[in-house]
K.L.:
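First the structure, which I've put down as structure tokens, then a few questions once you've had a look.
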Amino acid sequence: MEGDVLSALALIQRFWDTMQTNDFRAVGDLLHDDFVLEWPQSGETVRGRDNFAAINEHYPAAGRWRFEIHRILCDGDQVVTDVSVTDDVITGRAITFSTVCDGRILHQTEFWPDPFEPAPWRAQWVER
């Protein structure tokens with residue numbers, strides 16, 4: 001089992017490293033033939049490595065995308081990442097749940113939470 005955890009963890013690390021190159025076709029090489037990406041907040045599903053690459057290639061970015069991994073958690077073939085993404089104009093943060101199968105990423109569910117201003121009523125208990 002430990003080998004499975006390390007291989008899943010290494011694959012997801014490689015996924016984000018390859019995303020950093022902005023070569024989204026190369027990222028597609030890490031995806032399973034039956035790859036599915038779900039975005040629950042918009043209700044969209046992306047099927048296949050070609051659609052994954054095309055969406056990323058055609059996103060109206062101001063420049064190259066950069067990625068910063070804040071945290072990776074791995075349990076067997078399940079890996080969760082917390083990653084910041086920026087093109088120096090747009091900045092977002094994604095929580096991605098990945099399932100690894102046969103040494104490739106089979107499924108991802110990705111959440112893109114919007115930042116929000118803190119509520120004034122709790123200012124006495126929090127730090128900014």
Side-chain angles (χ1 to χ4, degrees):
M1 179 160 159
E2 186 175 327
D4 292 341
V5 171
L6 292 175
S7 63
L9 183 61
L11 175 62
I12 299 304
Q13 179 67 57
R14 187 170 168 204
F15 170 83
W16 289 113
D17 290 347
T18 308
M19 288 291 287
Q20 189 82 266
T21 70
N22 285 237
D23 181 351
F24 303 113
R25 296 289 162 179
V27 175
D29 293 341
L30 304 175
L31 306 179
H32 195 278
D33 290 343
D34 297 323
F35 175 75
V36 174
L37 168 61
E38 295 182 81
W39 290 323
Q41 290 157 299
S42 65
E44 295 170 285
T45 299
V46 179
R47 293 191 190 280
R49 62 177 61 94
D50 288 337
N51 288 333
F52 176 89
I55 286 172
N56 283 284
E57 289 170 343
H58 291 92
Y59 193 93
R64 293 180 58 81
W65 289 110
R66 292 191 327 275
F67 302 85
E68 179 185 354
I69 299 172
H70 300 287
R71 190 170 195 182
I72 299 179
L73 299 173
C74 184
D75 185 11
D77 64 354
Q78 303 293 312
V79 184
V80 180
T81 56
D82 173 5
V83 176
S84 289
V85 180
T86 188
D87 66 353
D88 290 325
V89 174
I90 298 170
T91 299
R93 194 151 180 174
I95 307 301
T96 306
F97 294 82
S98 300
T99 301
V100 173
C101 179
D102 300 327
R104 298 281 186 262
I105 300 168
L106 174 65
H107 185 267
Q108 291 183 315
T109 302
E110 200 163 63
F111 296 91
W112 291 88
D114 289 328
F116 60 91
E117 288 299 312
W121 65 264
R122 60 181 177 239
Q124 64 183 341
W125 301 296
V126 300
E127 296 177 14
R128 287 288 311 233

K.L.:
For residues Thr91 and Val85, determine if any side-chain heavy atom of one lies less than 4.5 Å from a side-chain heavy atom of the other.
P.N.:
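No; the side chains remain at least 4.5 Å from each other.
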K.L.:
Spell out, as yes or no, whether a donor-acceptor pair under 3.5 Å connects the side chain of Thr86 to the backbone of Asp88.
P.N.:
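Yes, because the side chain of Thr86 sits within donor-acceptor range (under 3.5 Å) of the backbone of Asp88.
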K.L.:
Go through the structure and list residues passing side chain to side chain contact (heavy atoms under 4.5 Å, CB included) with Leu106, not counting sequence neighbours.
P.N.:
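With sequence neighbours excluded, Leu106 shows a side chain to side chain contact (heavy atoms under 4.5 Å, CB included) to His32, Asp34, Cys101, given in chain and number order.
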K.L.:
Only counting residues at least two apart or in another chain, list the ones meeting side-chain hydrogen bond (donor to acceptor under 3.5 Å, both in side chains) with Asp87.
P.N.:
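Applying side-chain hydrogen bond (donor to acceptor under 3.5 Å, both in side chains) to Asp87 gives none.
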K.L.:
Examine Ile69 and Phe97 and state if one hydrophobic cluster contains both, with Ile, Leu, Val, Met, Phe, Trp and Tyr joined whenever side-chain heavy atoms are less than 4.5 Å apart.
P.N.:
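As far as the 4.5 Å side-chain criterion goes, Phe97 and Ile69 are not connected within one cluster.
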K.L.:
Establish, from distance only, whether the side-chain atoms of Trp39 and Glu44 form a donor-acceptor pair under 3.5 Å.
P.N.:
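Per modelled atom types, Trp39 and Glu44 side chains form no pair under 3.5 Å.
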K.L.:
Going by distance alone, is a donor N or O of one side chain under 3.5 Å from an acceptor N or O of the other, for Ser98 and His107?
P.N.:
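Per modelled atom types, Ser98 and His107 side chains form no pair under 3.5 Å.
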K.L.:
Give me the atom names and distance for the closest heavy-atom approach of Ala8 to Gly76.
P.N.:
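Between these two residues, the closest heavy atoms are CB-O, 3.4 Å.
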K.L.:
Return the set of residues passing side-chain hydrogen bond (donor to acceptor under 3.5 Å, both in side chains) with Asp33 (not counting sequence neighbours), or none when no residue passes.
P.N.:
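side-chain hydrogen bond (donor to acceptor under 3.5 Å, both in side chains) list for Asp33, sorted by chain: Arg49.
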K.L.:
Of all the heavy-atom pairs spanning Phe24 and Ala53, show the shortest one and how long it is.
P.N.:
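Closest pair (atom of Phe24, atom of Ala53, distance): O-CB, 3.6 Å.
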K.L.:
Output the distance between atom CG (Leu11) and atom CG (Leu31), rounded to the nearest 0.5 Å.
P.N.:
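Between atom CG of Leu11 and atom CG of Leu31 there are 8.5 Å.
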K.L.:
For Asp17, enumerate each residue passing the side-chain hydrogen bond (donor to acceptor under 3.5 Å, both in side chains) test, keeping only those at least two apart in sequence or located in another chain.
P.N.:
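Partners of Asp17 by the side-chain hydrogen bond (donor to acceptor under 3.5 Å, both in side chains) criterion, ordered by chain and then number, come out as Gln13.
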K.L.:
Kindly give the cluster partners of Trp125, where membership spreads through any ILVMFWY side chain lying under 4.5 Å from a current member.
P.N.:
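So far as hydrophobic clustering goes, Trp125 is joined with Trp121.
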K.L.:
Run the side-chain contact (heavy atoms from CB on, under 4.5 Å) check on Val83 and His70 step by step: do they pass?
P.N.:
CA-CA 6 Å; Val83 176; His70 300 287; 5.6 Å; no
K.L.:
Can you give me the closest heavy-atom contact between Arg128 and Glu117, atom names plus distance?
P.N.:
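Closest approach of Arg128 to Glu117, heavy atoms only: NH1-OE1, 3.8 Å.
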K.L.:
Quick one: does Leu30's side chain get under 4.5 Å of Arg14's, heavy atoms only?
P.N.:
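The answer is yes, as the side chains (C-beta and beyond) meet within the 4.5 Å cut-off.
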K.L.:
About how many Å separate OG1 of Thr45 and CG of Leu37, when rounded to the nearest 0.5 Å?
P.N.:
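It is 8.0 Å, given to the nearest 0.5 Å.
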K.L.:
Does Arg122 have more than 12 heavy atoms from other residues, nucleotides or ligands lying within 6.0 Å of its CZ?
P.N.:
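Above 12, so yes.
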K.L.:
Looking at Phe111, I want to see if its CZ is surrounded by more than 12 non-hydrogen atoms of other residues, nucleotides or ligands under 6.0 Å.
P.N.:
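Enclosed.
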K.L.:
Rounded to the nearest 0.5 Å, what's the gap from CG on Asp102 to CG on Asp77? Could you check?
P.N.:
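These two atoms lie 10.5 Å from each other.
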K.L.:
Say you draw a straight line from CD of Gln20 to CZ of Phe67; how long is it, rounded to the nearest 0.5 Å?
P.N.:
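Between Gln20 CD and Phe67 CZ, I get 6.5 Å after rounding to 0.5 Å.
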K.L.:
Within this structure, what is the CD1-CZ distance for the pair Ile72 and Phe15, rounded to the nearest 0.5 Å?
P.N.:
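Rounded to the nearest 0.5 Å, the CD1-CZ separation comes to 11.0 Å.
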K.L.:
Apply salt bridge (charged side-chain N to carboxylate O under 4.0 Å, His left out) to Glu38 and Arg47, showing your working.
P.N.:
CA-CA 9 Å; Glu38 295 182 81; Arg47 293 191 190 280; over 6 Å; no
K.L.:
Establish, from distance only, whether the side-chain atoms of Thr96 and Gln108 form a donor-acceptor pair under 3.5 Å.
P.N.:
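Absent: no donor and acceptor within the cut-off.
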K.L.:
Answer yes or no: does atom CZ of Arg25 have more than 12 heavy-atom neighbours from other residues, nucleotides or ligands under 6.0 Å?
P.N.:
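Correct, the count exceeds 12.
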K.L.:
For Asn56 and Phe52, indicate whether the former's side chain and the latter's backbone hold a donor-acceptor pair under 3.5 Å.
P.N.:
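Side chain of Asn56 to backbone of Phe52: a pair is present.
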K.L.:
Taking the side chain as every heavy atom from C-beta outward, state whether Gln41 and Trp112 have any pair of such atoms under 4.5 Å apart.
P.N.:
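Sidechains of Trp112 and Gln41: in contact.
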K.L.:
Can you measure from OG1 (Thr99) to CD1 (Ile12) and round to the nearest 0.5 angstrom?
P.N.:
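Rounded to the nearest 0.5 Å, the OG1-CD1 separation comes out at 9.0 Å.
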K.L.:
Show the numbers, then the answer: is there a side-chain contact (heavy atoms from CB on, under 4.5 Å) between Tyr59 and Ile90?
P.N.:
CA-CA 11 Å; Tyr59 193 93; Ile90 298 170; 4.1 Å; yes
K.L.:
Checking Trp65 now: which residues fulfil side-chain hydrogen bond (donor to acceptor under 3.5 Å, both in side chains) with it, not counting sequence neighbours?
P.N.:
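Trp65 satisfies side-chain hydrogen bond (donor to acceptor under 3.5 Å, both in side chains) with no residue once adjacent residues are dropped.
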K.L.:
According to a hydrophobic-cluster definition based on side-chain heavy atoms being under 4.5 Å apart (Ile, Leu, Val, Met, Phe, Trp, Tyr only), do Val100 and Val46 belong together?
P.N.:
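Hydrophobic grouping puts Val100 with Val46.
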K.L.:
So which atom in Glu110 and which in Trp16 form the shortest heavy-atom distance, rounded to 0.1 Å?
P.N.:
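Where Glu110 meets Trp16 most closely, the heavy atoms are OE2-CH2, 4.2 Å.
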